[in-house]
Amino acid sequence: MSEDNKQPNEQRKTRSVQMNIFWFIVIILTTIIISVIITAISISNNQERAVNVGTDTRTEFAKLYSVYDTLTENYYEDVDSDALIESSIRGMVEGLEDPYSEYMNIDETGDFEESITGDFEGIGAEVMQEGSKIIISSPMKGSPAEEAGLEPGDQILAVDGESLEGMTTTDAVQLIRGEKGTDVVLTIQRGEGSSSDVTVTRDTIHIDSVTYEEIEGVGHISVNRFQQGTTDEFSKFIDQAAEDGVKELIVDFRYNPGGLLNEAVTLINQFVDPDTTALYLEDNQGNQQEIVTENEKNKNTESFDDVYILINEGSASASEVFTGALNDLTDVQIAGTTSFGKGVVQRTSEFKDNSMLKYTYTKWLTPEKTWVQDEGITPDIELINPDYYRIQLLTEDEVFTEGQTNEKVLSIKVALDELGYNITTFDENFDANLTQAVTSYQNDKNLEADGIVTGDTTTELLSDIREKINNNDAQLNYLIDYINGDMSIKEIEQQARNNATHIPPVVEDEQNLTEEDKE
């Protein structure tokens with residue numbers, strides 16, 4: 001009896017243990033699943049908190065976030081959030097008050113990249129911002145801007161009647177550029193004179209980075225811009241000049257606004273050996289990085305007895321890097337007028353949407369550690385352009401007649417005197433002598449001979465002066481006369497000054513505004 005009772009009891013115990021194991025496994029699996037879910041939620045929440053904590057700790061952006069949230073949530077109309085972000089970025093860059101730093105959207109980035117490669121449609125002038133002013137820093141050689149008589153330092157007040165007040169250089173360029181063959185009217189102020197409207201016909205601007213000619217036995221290489229391939233072009237012309245047998249070489253950087261720094265370094269390398277210091281870069285902590293040449297120099301540069309560099313107030317940035325380096329490293333002579341004075345370097349950062357940030361990230365110093373910012377490079381031979389290069393801009397609708405006193409009357413006198421019409425008194429008074437000169441000019445040009453400067457008379461007068469400038473490169477001719485032994489340095493400098501007595505050139509302090517002036 002005892003055996004029969006024992007067996008059922010054991011079976012019940014076995015079933016109980018099996019049931020307990022089953023529920024234990026269910027509980028364990030349930031616990032694991034719940035733990036995984038809780039962990040995932042926790043990780044997700046922690047990630048969000050990590051992001052929030054990361055931004056919230058940047059207290060300097062708290063106001064920016066608050067304004068953005070307020071506008072997107074409470075503004076009475078729908079808000080373009082992308083436009084708010086874009087304008088915020090622009091405002092941040094503008095807060096630097098740096099004329100060389102800017103944020104560019106997709107279209108503006110395309111224009112910028114076109115200008116680097118050397119082909120775009122517009123008027124062909126570099127512009128920059130000085131305080132609230134949009135200034136022409138350099139009209140490009142052979143461009144519509146140069147043909148229209150625009151000069152470095154001219155302030156653009158308006159484009160097609162739209163004021164540029166409050167605009168950035170990027171905004172201004174967008175208004176100025178346009179399709180080939182279309183006209184744009186620029187309201188220009190030169191110096192302290194009254195403003196004038198100048199009509200410029202846009203064209204396809206192809207910048208020949210380097211050009212070469214031989215003038216009276218002197219090699220003349222013009223470097224118009226530092227863009228991709230500039231050094232390769234320059235090297236070919238160095239070889240050609242050596243093959244031509246010229247013994248004196250002029251490297252011309254007038255109106256060269258700069259461009260790619262690496263091209264300036266490789267161009268320096270044409271004249272110096274490898275491992276030579278070309279310049280220094282100095283960061284905001286004062287740390288200096290030495291930039292050295294890497295290649296063998298062009299042996300043909302040794303075939304020249306003398307090398308001269310020609311600069312003016314439109315020579316900036318990379319052209320000053322080259323000039324400063326050769327001035328420190330070789331016995332080159334510098335001629336012309338004081339350069340622009342841009343001693344900083346820009347870097348670009350592209351974003352995924354193809355927009356771009358261009359910002360100043362370092363100073364540059366010459367091999368002898370000279371910083372040219374706002375000072376420029378002073379030439380060894382000062383060659384000032386004649387008065388007629390600096391005449392005031394005149395427009396067809398302005399009327400100048402005997403008895404008037406106007407600052408532009410002096411420019412009319414200078415222009416007519418240069419064209420061979422004898423002017424006896426150089427001042428701002430429209431006198432009888434000027435009336436006689438104007439009448440003679442009108443007779444010679446088959447215009448109505450009324451002695452009044454307006455309309456067709458103004459157009460013809462400016463056209464003749466521009467043609468004279470294009471056909472008579474005064475600074476280059478002065479330098480060639482010196483090189484060929486026709487005059488000494490003292491004599492050639494004096495001749496240049498004698499031809500510039502009525503309209504004085506813009507002095508350096510006026511070219512480069514101080515920080516106080518900018519504010």
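- For the residue pair Glu290 and Thr277, a side-chain donor N or O sits within less than 3.5 Å of a side-chain acceptor on the partner.
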**OP:** Apply side-chain hydrogen bond (donor to acceptor under 3.5 Å, both in side chains) to the pair Glu320 and Ser339, showing each step before the final yes or no.
**Re:** CA-CA 7 Å; Glu320 294 175 296; Ser339 64; 2.7 Å; yes
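- Of the possible donor and acceptor atoms, one in the side chain of Glu493 sits under 3.5 Å from a partner among the backbone N and O of Glu382.
- Note on Lys413 versus Asp427: salt bridge recorded, some NZ/NE/NH1/NH2 to OD/OE distance being below 4.0 Å.
- Within the 4.5 Å cutoff, the side chain of Glu86 has heavy atoms near those of the Tyr103 side chain.
- Looking at Gln189 and Ser195, their side chains never bring a donor and an acceptor atom within 3.5 Å of each other.
- For the 3.5 Å distance criterion, the side chains of Thr230 and Ser209 qualify, holding a donor opposite an acceptor.
- Residues satisfying the side-chain contact (heavy atoms from CB on, under 4.5 Å) test with Ser463, not counting sequence neighbours, are none.
- With hydrogens and angles left out, the side-chain atoms of Asp380 and Tyr308 include no donor and acceptor closer than 3.5 Å.
- Contact of the Ser235 side chain with the Leu267 side chain is not registered, since no non-hydrogen atoms from C-beta on lie closer than 4.5 Å.
- Heavy-atom neighbours of Glu165 CD from other residues, nucleotides or ligands within 6.0 Å: at or below the threshold of 12.
- The distance from the CG atom of Leu365 to the OG1 atom of Thr362 is 8.0 Å, given to the nearest 0.5 Å.
- Side-chain contact between Leu186 and Leu150 is present, with at least one heavy-atom pair separated by less than 4.5 Å.
- Judged by distance alone, the side chain of Thr330 and the main-chain N or O of Leu326 form a donor-acceptor pair under 3.5 Å.
- For the pair Ile391/Leu410, no side-chain contact is recorded, criterion being any heavy-atom separation below 4.5 Å from C-beta on.
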Subject >> side-chain hydrogen bond (donor to acceptor under 3.5 Å, both in side chains) between Asn354 and Thr109, worked out >> reply: CA-CA 7 Å; Asn354 291 324; Thr109 298; over 6 Å; no
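- Atoms CG and OG, on Asn224 and Ser319 in that order, are 11.0 Å from each other to the nearest 0.5 Å.
- With respect to Lys408 and Glu398, a salt bridge is recorded, a charged nitrogen being found less than 4.0 Å from a carboxylate O.
- A perpendicular orientation is assigned to the rings of Tyr361 and Tyr359, their planes being inclined by more than 60° (bins at 30° and 60°).
- Expressed to the nearest 0.5 Å, how far CD of Glu126 lies from CD1 of Ile135 amounts to 14.0 Å.
- Using a 4.5 Å heavy-atom threshold, the side chains of Ile412 and Leu416 count as touching.
- A salt bridge links Glu418 with Lys468: the closest approach of a Lys/Arg side-chain nitrogen to an acidic carboxylate oxygen falls below 4.0 angstrom.
- With rounding to the nearest 0.5 angstrom, the CE atom of Met356 is 4.0 Å from the CD atom of Glu350.
- The closest side-chain heavy-atom distance from Arg190 to Gln155 is not below 4.5 Å.
- No hydrogens or angles considered: nothing links the side chains of Tyr389 and Asn472 as a donor-acceptor pair under 3.5 Å.
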Subject >> Derivation of the side-chain hydrogen bond (donor to acceptor under 3.5 Å, both in side chains) call for Thr405 and Glu428 >> reply: CA-CA 5 Å; Thr405 299; Glu428 298 181 355; over 6 Å; no
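- Counting heavy atoms from C-beta on, the side chains of Arg202 and Lys180 never come closer than 4.5 Å.
- A donor atom on one side chain and an acceptor atom on the other are found under 3.5 Å apart for Thr168 and Asp171.
- Judged purely by distance below 3.5 Å, without hydrogens or angles, the side chains of Thr366 and Asp328 pair a donor atom with an acceptor atom.
- Between Val265 and Ile291 there is a side-chain heavy-atom pair separated by less than 4.5 Å.
- Side-chain contact of Asn477 with Asp473: a donor-acceptor pair under 3.5 Å is absent, judged by distance alone.
- To the nearest 0.5 Å, the span separating CZ on Phe322 from CD1 on Ile268 amounts to 7.0 Å.
- For the 3.5 Å distance criterion, the side chains of Thr231 and Glu263 qualify, holding a donor opposite an acceptor.
- To the nearest 0.5 Å, atoms OG (Ser196) and CD (Glu396) are separated by 12.0 Å.
- For the residue pair Thr337 / Glu313, a side-chain donor-acceptor distance below 3.5 Å is found, with atom types taken as modelled.
- For Asp78, the CG atom is loosely surrounded, since the number of other residues' heavy atoms within 6.0 Å does not exceed 12.
- Checking Asp197 against Thr395 by side-chain atom types alone, no donor-acceptor pair falls below 3.5 Å.
- Heavy-atom contacts from other residues, nucleotides or ligands closer than 6.0 Å to CD of Glu294 number 12 or fewer.
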